[in-house]
Amino acid sequence: MSCEPDQWAKDWLDRQRAEGKTGLTVEKRGGMHIVKWATTKWDPETKKRKKISEYRGVLEPDGTIVPPRPKKEPIIIDKLAESGSARLLKLTTEPYFEHLKFAFPSDYPEIIELVFARCLGKGELSKAGRVWDTLENVFGLRPNTSPASLSKTLQRIGQSRGSQDLFFDRLRDGDCQMAIDMSVIFSKANGTKMNKKGYNRFRLSCPQFNLLMGCGLSSGRPQYMKVLPGNNKEGAAVSMLDEFEIPKGTFLVMDRGYSDSKFLAQIKEKELEYVVAVKRNSKTYDITDTKEGMFRWRKSAVAFGHCECDLGWAYRFENLNHRNDELVDNLWAQEQGKKRNLNSEKAGNFIVVSSKELPAQEVYRIYKTRCEIENLFDTAKNELSANKSHMQDDAHVMGFLFIVFLSLITRFGITKLIENADLLSTYSPEDVLDIFGTMKIIESKTEIRQVVPKDVRDLDAKLGLFWYSTPEDLEKLQKKPKKRGRKPKASPPS
């Protein structure tokens, strides 16, 4: 609110009016004297007088007026797009981009659009187009962004089973060890034949279908995928052997659900090898022991023994740390009144059957590496929302899961980039995409420069990308900080 001006300001205003300068007023605001000029002008449209006011500046005690700062012209931005996250997704998509373009020559732009959107956490068809429009067009593609068109694309992808198989064959990297597993995907989709009645971990009825996947153990990258009805068991994996040209001699690493003699016989007919765990009630436990020797696995001691059996060579392992944990858990459950059988002979033990006789430590390593495919299923369900599908027919479901599969490969590429920089304990793929997402490309007639934030510059240098940093920045980060504090004084001579 304005206050009564000081006397010196009133005297100045009187002198201005005496000189014939009209329309001036002085108001005191916040300790400053504001000078304004006002008048009225006849408005012929409204047939009324219209008041016009103009700010002249701040009045100083010496009678001078400090003029107002000149108004800045507004900056008009023609385009603003995320650059950093788009470049990172392009880098991890390029290894399979040409294979995708070859297998889906007409639909690959929309497929890339859907993969980018799902990796950024907005894979819904209603959001994918908007996400694509906010990204830098790193591939120079012009996909259709309408939800209706993307829905038709998903349907075509799901129906093009031959194109998917062609893509998987071209994607194969010749890994001699491959994990195979199947996981349940819960879905609220109606009208799909693959959706079968099932139960979740809370024993609640929920429709489901199965996702069968193969993962190379040396690289950790997913290689094959197939969607199966929800009532299929692990033995249905033989269909993958018929459809895909898995190189002869490849070791298939599987969990205990695949220890079926007929299924393993079919694997041998394909001239493939296998490493599979057996169930706890298997009779193989009666013919094996762990008295053959012992080796170190990370921070655990593992006792082992092996013998020949009907399915090949049976290897029995006893992890002493796991044995203690299992016994403690069983005793604790009994103390809580739960029914739990305490089997001290099998605690911490498991048996793996191999079609070939190999060193025990090598068999143990091969089987333990199988956790890679478990991590992929966990990522597909929790990070890429594979469980959240509301498709209305089988073709859409298969197309949707193919997009999830490609997103897995893309996210795997970001994970390997972080792992090679030894930053897995600090960053996740979502963290890296979020940090790089702060970098934009701005198109405007006015020159605009974006300052690279420190976290972007440091991460870019640590990953070795050097998009927004230089090798000198990496050298500075790698230098050990100097120790602070005073140097110890030398003791006086004795």
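Sequence positions, counted from 1, serve as the residue numbers for this chain.
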Evaluate the side-chain hydrogen bond (donor to acceptor under 3.5 Å, both in side chains) criterion for residues D165 and Y224: first the C-alpha distance (whole Å), next the side-chain angles of each, then the deciding distance (0.1 Å), finally the verdict. CA-CA 8 Å; D165 294 346; Y224 302 98; over 6 Å; no

Under a 3.5 Å threshold, yes or no: a donor from one side chain and an acceptor from the other, between [X] and [Y]?
X    : Y    : value
T470 : E472 : yes
S183 : K381 : yes
S218 : D175 : yes
Y427 : D434 : no

Determine whether [X] and [Y] make a side-chain contact, defined as any pair of heavy atoms from C-beta on separated by less than 4.5 Å.
X    : Y    : result
V352 : V276 : no
I157 : Q164 : yes
E110 : F104 : no
F304 : E318 : no

Return yes if some donor-acceptor pair links the side-chain N/O of [X] with the main-chain N/O of [Y] below 3.5 Å, else return no.
X    : Y    : result
H396 : L154 : no
T93  : L89  : yes
S282 : V278 : no
R118 : L384 : yes
S300 : R296 : no
D431 : S428 : yes
R457 : Y468 : no
N210 : P229 : yes
N319 : G348 : no
S146 : S149 : yes

Hey, is [atom1] on [X] packed in by over 12 heavy atoms from elsewhere, all under 6.0 Å?
X    : atom1 : value
D422 : CG    : no
K122 : NZ    : no
K152 : NZ    : no
E345 : CD    : no

Working to the nearest 0.5 angstrom, can you tell me the gap between Q177 CD and T369 OG1? 7.0 Å

CG of L408 to CE of M213, rounded to nearest 0.5 Å, is 5.5 Å

For residues [X] and [Y], report the shortest heavy-atom separation together with the two atoms involved.
X    : Y    : result
D289 : K291 : OD1-N, 3.4 Å
P247 : L272 : O-CD2, 3.2 Å
D260 : F263 : OD2-N, 3.1 Å
Y367 : A277 : OH-CB, 3.4 Å
W297 : K368 : CZ2-CB, 3.9 Å
E136 : I441 : CG-CD1, 3.6 Å

Derivation and outcome, side-chain hydrogen bond (donor to acceptor under 3.5 Å, both in side chains), residues R87 and S83: CA-CA 6 Å; R87 292 184 184 183; S83 174; 3.1 Å; yes

Measure up the F317 and F295 rings against each other and bin them: parallel (under 30°), tilted (30 to 60°), perpendicular (over 60°). perpendicular

Report the C-alpha separation of M182 and L211 in whole Å, then their side-chain angles, then the decisive distance to 0.1 Å, and conclude whether the side chain to side chain contact (heavy atoms under 4.5 Å, CB included) test is met. CA-CA 6 Å; M182 186 164 60; L211 180 62; over 6 Å; no

Evaluate the salt bridge (charged side-chain N to carboxylate O under 4.0 Å, His left out) criterion for residues D458 and K454: first the C-alpha distance (whole Å), next the side-chain angles of each, then the deciding distance (0.1 Å), finally the verdict. CA-CA 6 Å; D458 291 350; K454 186 178 184 303; 2.6 Å; yes

Pick one: which of V456, D460, L459 meets side chain to side chain contact (heavy atoms under 4.5 Å, CB included) with S469? D460

Looking only at the aromatic ring of each residue, does the gap between the centers of [Y] and [X] stay below 6.0 angstrom?
X    : Y    : result
Y315 : Y364 : no
F97  : F139 : yes
Y274 : Y258 : no

Any carboxylate oxygen within less than 4.0 angstrom of a Lys/Arg side-chain nitrogen, looking at E273 and K268? yes

Any salt bridge linking E98 with K101? Criterion: basic side-chain nitrogen under 4.0 Å from a carboxylate oxygen. no

Can R170 be said to sit on top of F167's aromatic six-ring, NZ or CZ under 6.0 Å from centre and within 45° of the ring axis? no

Stepwise salt bridge (charged side-chain N to carboxylate O under 4.0 Å, His left out) test for E374 and R370: CA-CA 7 Å; E374 299 289 353; R370 196 193 66 85; 3.1 Å; yes

Before giving the answer on salt bridge (charged side-chain N to carboxylate O under 4.0 Å, His left out), spell out for R411 and E430 the whole-Å C-alpha distance, their side-chain angles and the decisive distance to 0.1 Å. CA-CA 9 Å; R411 192 181 184 278; E430 287 71 29; 2.9 Å; yes

